Amino acid sequence: MSSRALRKLQKQKLEELSGSDNEDSQDETPVAPQRNLFDLLNEGDDVGEDDEEDHDDEKVERTDEAASEEKTTPVVEEEEEVKPKAAATFKSKKNKKKKAKAKAKAKQKDVSDMSMQELDEALKELKGAGGESSQTSTNDTAYANSANNQFIHVNQRNLDAEAEMKRMFGSRIVNSETRGRVLKRSKLATPKVDWPPYKRNGLAMELLENKHGVSYFAFKHNEEYQDAQLEFLNSVTTHDPNALMFLVSRNPYHVDGLLQVSEMAKQSGDWTVAGDCIERALYACERAFHPHFTFGSGTVRLEYRRAENRSFFLAIFKHIQFLTRRGCWRTAFEFCKLLLSLDPESDPLGAMLAIDSYALTAKEYSYVADMASTWKTDGKLYPVNIQSLPNMAYSSAYAKFKLAPKESDTLLQEAIKKFPSVVPRLMDKLGESGFDDQPFLQTSPNVYLDLLQQLFVERTYELFKEPEVLSWLKENARAVANKLQNAYKRVDCAQNEEIPLTISRHIVLTDIQQLLSYLPSSVTSESYHMYDPLPPPDSVVGYDLDDRMRQAGSADQGFLDNILRNLLGGRRLPADRMREIRGLVQQAREQQNQRGDQLPGAFPQDDDDDFQGDGHHATDQDVQELLNAVTEDDIEIQQALAAEYEQHEEHDNTRPRQ
């Protein structure tokens with residue numbers, strides 16, 4: 001059920017409960033028609049239009065008025081001798097209904113403008129006054145009203161980058177640039193007319209469990225998607241971009257394939273194609289959502305260690321990067337909240353390190369100030385109080401300066417005392433001087449803390465370019481220049497001895513070259529793929545990939561055995577000769593695949609000069625000579641072998657998927 005559906009249910013409950021306070025006007029107020037709750041499951045789907053969603057309440061009111069008029073009109077027509085007195089009575093009743101409706105609306109706050117937290121509080125007050133028992137469990141209510149949950153609610157209206165661009169540049173300009181777009185849209189991405197038609201490709205989602213008011217989900221691959229995933233892994237490990245493009249052309253909504261093609265396009269400078277692939281990946285994920293996966297509600301989770309889930313995390317992260325390139329900071333901030341809400345405890349892609357910068361650039365100052373003073377963690381990856389993070393300490397002070405300048409000095413001075421080396425780094429990025437004194441140049445022996453400080457500077461230094469902000473920073477830095485003895489020496493959390501894998505993954509995906517030198521050798525010495533960088537060590541897959549590979553390998557071997565047996569009239573070759581043929585065929589295939597270009601972010605490909613072994617590569621000629629030795633007395637057998645192999649390849653490429 002979507003967030004909009006939940007809001008409507010809460011709205012109906014609020015109206016029912018508030019009806020007991022208006023017993024005098026209960027008979028006069030028209031009763032809203034009873035709605036089928038199953039219709040709410042379909043609200044917010046990609047087949048719905050925005051205009052229909054924006055005016056649902058108006059339609060309900062118009063329906064009520066039309067129904068009342070239909071009921072009263074026949075009476076007036078049949079009793080024509082009714083005099084003006086009856087007409088006046090009818091008119092007065094109608095006016096009373098309108099007044100009662102206006103009174104009820106005036107008494108209540110406009111529910112459509114209320115946040116989820118305000119709705120919950122209003123329901124709690126009404127239930128407490130009426131003595132009703134809550135239908136939700138204690139755990140559900142406790143979690144829904146938890147301090148952290150309010151910061152990971154996503155306003156789905158703000159997930160539309162096109163709407164934000166219209167607010168910035170005007171509808172006329174944006175519409176002229178996006179004539180190819182269709183009217184109907186999904187929540188995460190807008191399908192385009194040049195996209196292939198969507199068909200079920202085997203990607204789905206299942207509900208794992210409900211615990212303490214939180215629902216845990218997981219993506220799953222059926223056999224068709226598993227075949228495509230195995231083909232994708234083969235094309236990546238063999239560094240064959242042509243095979244990858246062929247896979248995506250046949251499976252246009254294969255998420256990992258789209259992520260890798262996006263990386264290839266980005267490396268070649270084609271940002272339009274790169275962003276389009278990411279949007280298509282998000283669209284494919286959304287079409288696979290479970291009906292109860294109310295993303296953005298703050299009560300659904302995806303576990304990052306499950307390999308099938310990681311594609312969705314990475315697609316959101318990369319989409320945020322493309323949104324910032326377009327200047328859609330409000331949309332990027334909303335998507336960052338969505339990314340954090342999927343797994344706020346472990347934060348696998350480091351959303352906590354970026355959400356403050358997106359919020360400040362989007363001018364969401366109250367959000368940053370409230371989150372810094374309220375959000376609590378378990379103390380493993382981040383400090384329990386996130387104001388002990390460099391980015392949150394300075395960002396909360398910046399937000400306070402924008403909200404109440406006179407009250408912001410204390411926060412900024414506290415931030416400088418904790419992390420003094422941020423000041424000279426900011427000044428260096430801004431081209432300012434005068435803060436290269438020894439007290440400010442304290443370097444932390446803790447590489448994790450040093451990285452977090454430099455990351456904040458690289459990400460937000462442009463916010464301090466404003467003259468009044470820069471002057472405010474300089475004044476407070478001079479005020480505490482002699483009070484920096486108690487600066488933090490390490491991050492106040494359990495994982496503070498070295499850079500955690502989660503933070504390393506965030507740095508790799510952020511792609512800020514100046515920060516790559518901070519990464520430990522255990523990360524830089526390993527090769528990784530950008531469709532799944534630095535997977536967690538306890539990674540799990542919902543199916544056995546090795547078993548799928550063995551099945552595919554046995555199918556190829558069986559095909560080759562059948563061809564040779566048929567061509568030799570049912571005679572079997574010696575086992576050593578069959579092994580030799582299979583080895584040469586496999587070696588020839590691998591060498592052919594290695595002729596393609598290397599994929600960006602893939603394992604490095606060895607040069608021919610560095611080849612280790614006997615120096616001999618299997619070639620097509622080697623395979624042909626071996627086959628000639630087996631069937632040298634019959635030229636027709638060789639031709640039949642080639643023809644049957646080509647026919648099999650053509651049939652395999654064109655056969656329909658089940």
Side-chain angles (χ1 to χ4, degrees), residues 152 188 200-233 236-237 251 253-260 278 281-319 335 338-352 378 380-381 495 500-506 508-509 526 528-549 601:
I152 51 179
L188 300 181
R200 295 293 179 183
N201 59 354
L203 181 65
M205 180 182 281
E206 60 182 342
L207 174 62
L208 300 180
E209 62 175 341
N210 291 298
K211 184 168 60 176
H212 303 305
V214 180
S215 300
Y216 292 85
F217 294 84
F219 284 96
K220 63 178 181 179
H221 302 166
N222 69 3
E223 291 188 359
E224 179 183 357
Y225 201 92
Q226 291 174 24
D227 292 339
Q229 186 72 7
L230 181 59
E231 185 179 348
F232 165 76
L233 295 175
V236 171
T237 54
N251 301 274
Y253 292 97
H254 183 266
V255 181
D256 284 340
L258 290 169
L259 292 178
Q260 191 69 28
I278 296 301
L282 284 173
Y283 181 71
C285 291
E286 185 175 358
R287 291 299 298 265
F289 282 170
H290 191 278
H292 295 161
F293 185 75
T294 55
F295 71 93
S297 64
T299 59
V300 294
R301 298 287 184 270
L302 289 174
E303 200 172 12
Y304 192 79
R305 72 186 188 97
R306 294 181 67 96
E308 297 91 334
N309 294 342
R310 293 201 284 268
S311 302
F312 186 49
F313 282 85
L314 294 166
I316 295 176
F317 192 99
K318 293 177 180 292
H319 186 55
F335 269 97
L338 173 60
L339 181 62
L340 181 62
S341 71
L342 296 178
D343 194 352
E345 289 78 19
S346 60
D347 193 16
L349 296 186
M352 184 64 69
D378 56 7
K380 296 179 181 178
L381 180 63
Q495 303 180 31
L501 185 62
T502 293
I503 308 302
S504 298
R505 192 182 299 121
H506 177 83
V508 168
L509 290 170
E526 295 288 336
Y528 48 82
H529 298 284
M530 291 306 293
Y531 74 89
D532 187 13
L534 306 178
D538 57 347
S539 175
V540 295
V541 184
Y543 52 95
D544 191 349
L545 275 175
D546 293 336
D547 182 59
R548 299 293 298 178
M549 294 178 67

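Note that the structure is a prediction, hence the values are computed from the model and not measured. If you read the sequence from its start, that first residue is 1, and numbering goes on from there.
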| request: Evaluate the criterion side chain to side chain donor-acceptor pair (under 3.5 Å) for residue pair Ser539 and Arg310; output intermediate values, then yes/no. | output: CA-CA 10 Å; Ser539 175; Arg310 293 201 284 268; 3.0 Å; yes
Supply the atom-to-atom distance [X] [atom1] to [Y] [atom2], rounded to the nearest 0.5 angstrom.
| X | Y | atom1 | atom2 | answer |
| --- | --- | --- | --- | --- |
| Leu509 | Lys318 | CG | NZ | 5.5 Å |
| Asn251 | Asp256 | CG | CG | 12.0 Å |
| Phe219 | Arg306 | CZ | CZ | 11.5 Å |
| Leu230 | Gln226 | CG | CD | 9.5 Å |
| Leu501 | Gln495 | CG | CD | 9.5 Å |

| Among Leu349, Asn309, Thr502, side-chain contact (heavy atoms from CB on, under 4.5 Å) partner for Tyr304 |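 So the option named by the test is Leu349.
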How about [X] and [Y]: do any of their side-chain heavy atoms sit closer than 4.5 Å?
| X | Y | result |
| --- | --- | --- |
| Glu526 | Leu534 | no |
| Asp347 | Leu340 | yes |
| Phe335 | Leu188 | yes |
| Pro348 | Phe313 | yes |
| Gln260 | Phe232 | yes |
| Ile278 | Leu258 | no |
| Lys380 | Ser346 | no |
| Leu314 | Tyr531 | no |

| field | Residue list, ring-ring contact (aromatic ring centres under 6.0 Å, His included) with Phe289, at least two apart or on another chain | value |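 Listed in chain order: Phe293, Phe295, Phe312.
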Indicate the atoms forming the closest heavy-atom contact of [X] with [Y], along with that distance.
| X | Y | value |
| --- | --- | --- |
| Arg305 | Asp538 | NH1-O, 3.5 Å |
| Lys220 | Met205 | CG-N, 4.4 Å |
| Val508 | Pro533 | CG1-CB, 4.3 Å |
| Val255 | Ala284 | CG2-CB, 4.1 Å |

| Checking side chain to side chain contact (heavy atoms under 4.5 Å, CB included) for the pair Ile316/Leu342: CA distance, chi angles, key distance, verdict? | CA-CA 11 Å; Ile316 295 176; Leu342 296 178; 3.9 Å; yes
| Of His254, His221, Glu224, the residue whose pairing with Gln229 passes side-chain hydrogen bond (donor to acceptor under 3.5 Å, both in side chains) |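 Only match with Gln229 under side-chain hydrogen bond (donor to acceptor under 3.5 Å, both in side chains): His254.
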| request: Could you walk me through whether Leu302 and Asp343 pass the side chain to side chain contact (heavy atoms under 4.5 Å, CB included) test, one step at a time? | output: CA-CA 6 Å; Leu302 289 174; Asp343 194 352; over 6 Å; no
| field | Exam field: side chain His290 to backbone His292, donor-acceptor pair closer than 3.5 Å | value |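 Between the backbone of His292 and the side chain of His290 there is a qualifying donor-acceptor contact (under 3.5 Å).
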| task | Please step through side chain to side chain contact (heavy atoms under 4.5 Å, CB included) for the pair Glu206 and Glu308, ending with a clear verdict. | result | CA-CA 11 Å; Glu206 60 182 342; Glu308 297 91 334; over 6 Å; no
| request: Check step by step if side chain to side chain contact (heavy atoms under 4.5 Å, CB included) holds for Lys211 and Tyr216. | output: CA-CA 8 Å; Lys211 184 168 60 176; Tyr216 292 85; 4.1 Å; yes
